[in-house]
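Notes follow once the structure below has been shown.
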Amino acid sequence: MPGPGRQEPAGIPLPPYQDAPLTPVSARFAAYRFAAVLLFWLPVAAVTAGLRLTGQWSGPLHAVAVGALLGLGVVLALLAGREANRRGFALRAGDLIHRAGLFVRRETIIPVRRIQHVEVVTGPLERLLGLARVVCYTAGGASADLVIAGLDPATAARVRDHLLTRIHADTTNGEHAAGAGES
Amino acid sequence: MVDLCGRGLLRFVRENLPLLLGAGAGAAFLERVGPVELAAALAVLLSAALTLSIWYWLRFRFRLIDGVLEVDKGLLERTRIELSADRVQHVAVEQPASMRPLGLVRVRIDTAGGASAEVELPAVRRSVAERLRDSLGSAAAGESAPAFDVRPTLLFRAGHGALILHGLTGNGVYVAAAGLLPVLGSLERGLRPLWDQAAVGAWLQPLRNAPWLFGAGVALTLFAALLLTAVAITWTRFAGYRLEQRDGRFYQTSGWLQRQEQAITAGRLQVVEWVQTAVGRPLGRGYLVCRQYGGVTNRDDGTGRGFLVPGVSATAAPNLLRCFWPDLGAGEALHPVSRRYRRSVAIRALVPLALPLVGVAVTTGEPLWLGATPGVVPLALGLAHLRWRNAGWRLTNGYVRVRRGWLGQRTAVFPLAGVHVVSLQQSWLQRRAGCATLHLIPATGGQAIPWIPLGIARAAANRALSRVESGPA
């Protein structure tokens with residue numbers, strides 16, 4: 001880290017991150033995202049439809065509202081599935097790249113030496129579809145953590161183990177360099 | 001002892017409120033509570049507080065051995081804390097007014113465990129506190145302890161005029177407004193009977209005949225009260241502000257009632273923001289917000305894990321920045337962002353501006369409010385133009401400058417090597433225009449450079465990555 005009297009190192013040029021080939025996530029992730037979005041909107045439409053049974057709301061406007069909610073849920077679920085097919089990740093020597101998004105596309109790159117901790121997490125729907133996600137924690141807070149979702153459990157475990165090995169190697173190299181500097 | 005007594009009493013009351021409320025209720029049922037009984041009760045309470053404080057002091061022990069701070073404390077429930085220096089994030093020294101005549105200070109040690117993992121040493125000698133701060137703080141930063149015989153270099157001192165200007169131009173005005181608002185209602189209720197009374201109505205007759213004059217007078221008086229309160233808050237918080245440098249570390253001291261001293265290691269400094277409010281910009285005044293990794297949370301000035309350098313002039317700010325980072329270089333002009341950013345901001349501003357008008361029209365049933373909604377378009381365009389004009393960025397010599405703002409301006413400066421996450425975001429509109437928003441995220445929170453050409457954004461991202469990955473850990 002730069003400080004008083006210390007010169008900023010120029011940095012060794014790396015291959016551009018945008019040229020790194022990305023590995024797509026599992027094909028089942030699209031189905032997971034479709035189901036997850038639908039599982040949110042179906043109860044909303046059901047509750048709205050139930051208002052007719054309780055007598056609080058009925059008539060043509062009510063039918064339109066229920067239809068609109070159902071339609072919106074299906075459209076959003078289809079878009080979520082399409083977005084899932086666009087996701088990809090890449091593990092380079094010094095960093096982890098992740099791409100996501102459909103209308104708003106996001107490319108996130110985390111240097112391995114900035115990752116503090118790695119976890120593999122699975123939810124109930126993910127377990128049903130044989131999926132898992134890797135969560136990388138950094139010091140930048142929740143907004144700077146990276147989640148790579150839609151991996152099969154074996155791939156997720158390999159990514160986690162690889163990152164933990166790199167983090168440990170980086171920490172050990174750093175301690176050796178500090179010790180050499182002090183001697 | 002006095003401080004322990006007072007704070008111990010307050011803590012006892014807070015932790016045993018139900019017991020005290022019950023005791024109070026019991027006392028209310030006594031047939032006769034005279035001055036003698038009251039004095040006796042007070043004497044008993046004071047004696048109990050004094051006894052407990054002496055007992056607490058006798059059982060509070062600490063020592064620093066081989067980089068481990070050991071603290072034994074507690075009366076009935078004994079607590080032993082062993083704190084390794086490498087778990088220490090930050091050490092702050094405070095001196096309340098009550099401790100000043102005795103030459104004692106309070107040491108707060110922040111660890112990696114968050115707010116609940118704070119260790120406090122109440123009322124220790126200043127020399128002990130400074131050695132503790134320097135030993136624990138340097139071990140935490142992986143540095144050697146600073147030499148004590150090196151004279152500090154004064155970098156910045158906030159004079160009386162600078163503090164007054166800071167109070168008038170800083171955000172303290174809004175804090176004062178928030179504090180005065182609840183008082184206004186009570187003030188109005190108290191003054192209304194006076195206004196209605198005939199006895200005082202005579203000399204107020206001219207004002208009764210010109211209510212606009214009265215209203216203007218009240219508004220001016222309230223505004224003056226607001227400014228005075230803001231200056232008073234600033235004075236209490238920053239009186240005697242000094243920023244010094246000794247042996248590669250920065251020490252800031254400030255405060256009138258409670259004197260706070262903080263040591264800042266340059267290596268932990270993540271981002272420094274130069275902030276100018278809408279009032280401060282034409283006066284050439286602002287303040288620096290220095291965010292460091294692992295600092296003590298400063299709850300009262302809203303800077304979070306950082307510290308604030310008040311009353312800085314626009315000409316002094318670049319020199320102060322170079323004190324923190326000597327290789328920062330001269331402040332070249334910032335690059336503008338794409339003009340299309342204005343359209344993006346205007347579109348996003350339309351909805352929150354139009355929504356209240358639509359809401360009022362729906363709730364009141366008055367269609368006139370709906371007719372006013374086209375009026376928000378020039379307002380949105382004007383705000384968007386301000387936002388675009390204030391947006392700017394530059395990458396020079398391994399440092400990033402990012403500026404943003406509406407009427408005020410906030411310029412963040414940080415080293416590229418301090419970036420933790422790099423992110424590029426493209427909306428559909430940005431893809432059509434060949435632009436992207438670059439997010440560079442140090443440990444203290446992200447900085448966004450909106451609407452720059454995609455090729456330039458990717459080149460900047462790659463530069464950041466090469467700095468981080470090839471630099472020291």
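What you are looking at is a predicted structure, and each value in this text was computed from that prediction instead of being measured.
- Residue Arg82(A) qualifies as open at atom CZ: its count of foreign heavy atoms under 6.0 Å is 12 or below.
- Ranking Ser427(B), Ala459(B), Ser423(B) against chain A, the residue ahead of the rest is Ser423(B), based on heavy-atom pairs under 4.5 Å.
- Neither the backbone nor the side chain of Arg322(B) has a heavy atom closer than 4.5 Å to any heavy atom of chain A.
- Distance check, rounded to the nearest 0.5 Å: OG1 of Thr108(A) to CG of Leu424(B) gives 9.0 Å.
- Although no hydrogens or angles enter the test, the distance criterion places a donor-acceptor pair under 3.5 Å between the side chain of Asn462(B) and the main chain of Tyr17(A).
- Residue Arg127(A) qualifies as enclosed at atom CZ: its count of foreign heavy atoms under 6.0 Å is above 12.
- Between Ile109(A) and Val421(B), every side-chain heavy-atom pair lies at or beyond the 4.5 Å cut-off.
- Arg113(A) places a side-chain N or O within 3.5 Å of a backbone atom of Val468(B) that can act as its donor or acceptor partner.
- Distance CD/Glu469(B) to CZ/Arg114(A): 10.0 Å, rounded to 0.5 Å.
- With a 6.0 Å radius and a threshold of 12 heavy atoms from other residues, nucleotides or ligands, Arg133(A) has its CZ atom above the threshold.
- Taking 4.5 Å as the limit, some side-chain heavy atom of Arg92(A) sits within range of a side-chain heavy atom of Leu465(B).
- Atom CG of residue Asp19(A) and atom CZ of residue Arg458(B) lie 8.5 Å apart, to the nearest 0.5 angstrom.
- Residue Ala461(B) touches chain A through its side chain alone, counting heavy-atom pairs closer than 4.5 Å.
- Taking the side chain as every heavy atom from C-beta outward, Val104(A) and Gln426(B) never approach each other to under 4.5 Å.
- In this structure, chain B has a heavy atom under 4.5 Å from the backbone of Leu102(A), while its side chain stays farther away.
- Distance NE2/His420(B) to CD1/Ile115(A): 12.0 Å, rounded to 0.5 Å.
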### Message
Checking Arg106(A) against His439(B) for the side-chain contact (heavy atoms from CB on, under 4.5 Å) test, could you report, in this order, the C-alpha distance in whole Å, the side-chain angles of both residues, the deciding distance, and whether it holds?
### Response
CA-CA 10 Å; Arg106(A) 198 170 183 117; His439(B) 295 268; 3.9 Å; yes

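- Side chains of Arg431(B) and Arg105(A) form a contact here, defined as non-hydrogen atoms less than 4.5 Å apart.
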